[in-house]
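Quick notes on the structure that follows.
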Amino acid sequence: TIISPILVLIALTCVIIQRNHLLITLLALEAIILGLIIILTIITNLSWLIFVIVILTFGACEASLGLACMTAISRSYGNDHINSLNINKC
């Protein structure tokens, strides 16, 4: 029960510190979502199971959209550095 808040805090720290690469940021955001889902299931004792399933579905959709955007960015710019997104290419 104590591991889930620690997971969320570590992932939030990773988002704040390692914000140069898009892949690391996306993985940390997924860890935050999974940690919050674990906390929610512990608190509610699975009485709101459909709500947990909906949140997991939105998390999966967010992950797939993030990876698709990262793939498009890495193909067009050559890397996943967030700083390279500021360059205007026509």
Side-chain angles (χ1 to χ4, degrees):
T1 59
I2 194 71
I3 296 173
S4 300
I6 293 173
L7 174 69
V8 172
L9 289 176
I10 289 173
L12 189 61
T13 306
C14 183
V15 167
I16 292 170
I17 293 174
Q18 296 288 332
R19 58 179 180 225
N20 292 332
H21 293 282
L22 189 61
L23 181 62
I24 294 173
T25 306
L26 288 173
L27 288 174
L29 289 174
E30 287 301 314
I32 290 173
I33 289 174
L34 288 176
L36 291 175
I37 288 172
I38 292 171
I39 291 171
L40 184 66
T41 54
I42 290 170
I43 290 173
T44 61
N45 291 328
L46 295 177
S47 60
W48 288 30
L49 186 60
I50 191 71
F51 184 66
V52 172
I53 292 173
V54 168
I55 291 176
L56 276 172
T57 304
F58 282 128
C61 292
E62 179 258 333
S64 66
L65 285 173
L67 286 175
C69 289
M70 191 198 70
T71 303
I73 288 169
S74 65
R75 284 184 181 172
S76 63
Y77 292 103
N79 57 17
D80 68 335
H81 294 290
I82 295 176
N83 294 333
S84 68
L85 298 179
N86 294 330
I87 301 171
N88 292 328
K89 290 185 178 180
C90 295

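In this chain, residues are counted from 1 in sequence order.
Listed by chain and number, the hydrophobic cluster partners of Val54 are Phe58, where partners are ILVMFWY side chains within reach of under 4.5 Å, directly or through others.
Across all non-hydrogen atoms, the minimal contact from Cys14 to Ile24 is SG-CG2, 3.7 Å. The minimum heavy-atom distance linking Ile32 with Ala11 is given by the pair CG1-CB, 3.4 Å. Of all the heavy atoms in Ile39 and Ser4, the pair that sits closest is CG1-CB, 3.4 Å. Heavy atoms only, all atoms of each residue included: Val15 and Ala28 are closest at CG2-CB, 3.3 Å.
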Checking Phe51 against Thr44 for the side chain to side chain contact (heavy atoms under 4.5 Å, CB included) test, could you report, in this order, the C-alpha distance in whole Å, the side-chain angles of both residues, the deciding distance, and whether it holds? CA-CA 10 Å; Phe51 184 66; Thr44 61; over 6 Å; no
Take Ile6 and Ile10 through the test side chain to side chain contact (heavy atoms under 4.5 Å, CB included) and record every step on the way to the result. CA-CA 6 Å; Ile6 293 173; Ile10 289 173; 3.7 Å; yes
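The CG atom of Leu29 sits 9.0 Å away from the CG atom of Leu12 when rounded to the nearest 0.5 Å. To the nearest 0.5 Å, atoms CG (Leu9) and OG1 (Thr13) are separated by 6.5 Å. Separating the OG1 atom in Thr41 from the CG atom in Leu49 is a distance of 9.5 Å, to the nearest 0.5 Å.
For Ile33, the side-chain contact (heavy atoms from CB on, under 4.5 Å) criterion is met by Glu30, Ile37, Glu62, not counting sequence neighbours.
When Leu36, Ile38, Leu34 are each tested for a side chain to side chain contact (heavy atoms under 4.5 Å, CB included) with Val8, only one passes: Leu36.
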